[in-house]
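Keep in mind that this is a model prediction, so the values were computed, not measured.
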Amino acid sequence: MNSETVSQYEQDFYGWTQWQVKVLAQKQISELDWQNLQEEIQALGRQEYRELVSRLSVLLGHLLKWEYQPENRSRSWFLTIREQRRALKRHFHRNPSLKSRILDALEDGFEAGVDLALRDTNLPLRTFPAKCPYKFEEVIADSFICDTSQDWE
């Protein structure tokens, strides 16, 4: 790794990525910026986990709203639940090893989901469970709490 590569990483990230792709393709091992490559690859993994938690947060928040405020159910809530379930299934299809983090993600997502439900309803915090009462397999199942296998009625 030369000092030009390090400064390129700091000054022009996109340019740095293109250079790293080129030297990888040409198998120029000595030109690779190993430290920054390692950090970027780790960051990519963290990004995939954050996407999982983010989608779970939205899904869990809407499931809580659906369950605890049935009088306000809407097509929008229904479609958000449907969309997040489908997106989560695609995300796991593309990233099957994320299943090893599902318990952490469900816990993290539930906390944010409760916050979402609190923002969107007039319900007090004590309305919702302190811990996630659902299993991941339930949450993504089309018929759980809100049946998204059917059309909105």
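With contacts defined as side-chain heavy-atom distances shorter than 4.5 Å, the pair D151/R75 qualifies. Considering only heavy atoms from C-beta on, E138 stays 4.5 Å or farther from I145 through its side chain. Put simply, the side chain of F13 does not reach to within 4.5 Å of the side chain of Q18, judged on heavy atoms. A 4.5 Å side-chain heavy-atom check between D115 and F110 finds every atom pair outside the cut-off. Using a 4.5 Å heavy-atom cutoff, the side chains of W77 and C146 are not in contact.
Following chains of ILVMFWY side-chain contacts shorter than 4.5 Å, one cannot reach W19 starting from Y14, and the two form parts of different hydrophobic clusters. Hydrophobic clustering, with ILVMFWY side chains joined whenever heavy atoms are under 4.5 angstrom apart, groups I81 together with L118. No path of Ile, Leu, Val, Met, Phe, Trp and Tyr side chains, each step under 4.5 Å between heavy atoms, connects W34 with I41, placing them in separate hydrophobic clusters. Following chains of ILVMFWY side-chain contacts shorter than 4.5 Å, one can reach V114 starting from L123, so the two form part of one hydrophobic cluster.
Rounded to the nearest 0.5 angstrom, D33 CG and E39 CD are separated by 8.5 Å. With rounding to the nearest 0.5 angstrom, the CG atom of L32 is 4.5 Å from the CG atom of L24. Note: E51 CD to L88 CG = 8.5 Å, rounded to the nearest 0.5 Å. Distance check: E48 CD to R94 CZ gives 9.0 Å after rounding to the nearest 0.5 Å. Taking CZ of R86 as the reference point, atom CZ of R90 lies at 6.5 Å (rounded to 0.5 Å).
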**Report entry** Full working for side chain to side chain donor-acceptor pair (under 3.5 Å) between Q150 and D147
**Finding:** CA-CA 6 Å; Q150 306 295 317; D147 189 350; 4.7 Å; no
Requested in this report: With side chain to side chain donor-acceptor pair (under 3.5 Å) as the test, would you mind laying out the steps for N36 and W16 before giving the verdict?
Outcome: CA-CA 10 Å; N36 288 315; W16 174 84; over 6 Å; no
Requested in this report: Start with the C-alpha distance between K135 and L106, add both sets of side-chain angles, then the distance that settles side chain to side chain contact (heavy atoms under 4.5 Å, CB included), and finish with yes or no.
Outcome: CA-CA 8 Å; K135 293 182 174 129; L106 200 58; 5.7 Å; no
Requested in this report: Determine, stepwise, if the pair Y68 / L63 fulfils side chain to side chain contact (heavy atoms under 4.5 Å, CB included).
Outcome: CA-CA 8 Å; Y68 289 92; L63 287 173; over 6 Å; no
Query raised in the report: Going through the checks in order, is the side chain to side chain contact (heavy atoms under 4.5 Å, CB included) test met by F92 and L52?
Result: CA-CA 9 Å; F92 273 108; L52 170 61; 3.5 Å; yes
Report task. For the pair E40 and L44, evaluate side chain to side chain contact (heavy atoms under 4.5 Å, CB included) and give the outcome as yes or no after the intermediate values. Result -> CA-CA 6 Å; E40 290 303 322; L44 288 171; 5.7 Å; no
Query raised in the report: Stepwise, does the side chain to side chain donor-acceptor pair (under 3.5 Å) test hold for Q35 with Y9?
Result: CA-CA 11 Å; Q35 180 181 349; Y9 175 81; over 6 Å; no
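Under the ring pair (Phe, Tyr, Trp, His ring centres under 6.0 Å) rule, F144 has a single partner from W66, Y134, F136, which is Y134. Partner of Q84 under the side chain to side chain contact (heavy atoms under 4.5 Å, CB included) criterion, chosen from H62, K89, R55: R55. The only option from T80, V139, T148 that meets the side chain to side chain contact (heavy atoms under 4.5 Å, CB included) definition with R85 turns out to be T148.
S57 places a side-chain N or O within 3.5 Å of a backbone atom of V53 that can act as its donor or acceptor partner. Listed for the T121 side chain is a donor-acceptor partner under 3.5 Å among the backbone atoms of A117. Without hydrogens or angle criteria, D12 side chain to G15 main chain gives a donor-acceptor distance under 3.5 Å. Listed for the H91 side chain is no donor-acceptor partner under 3.5 Å among the backbone atoms of Y49.
When all heavy atoms of D120 and Q69 are compared, the closest pair comes out as O-OE1, 4.4 Å. The shortest heavy-atom contact between L64 and P129 is CD2-CD, 4.4 Å.
Under the 6.0 Å distance and 45° angle rule, R73 does not count as a cation-pi partner of F78.
The number of heavy atoms from other shown groups lying within 6.0 Å of CG (L79) is above 12.
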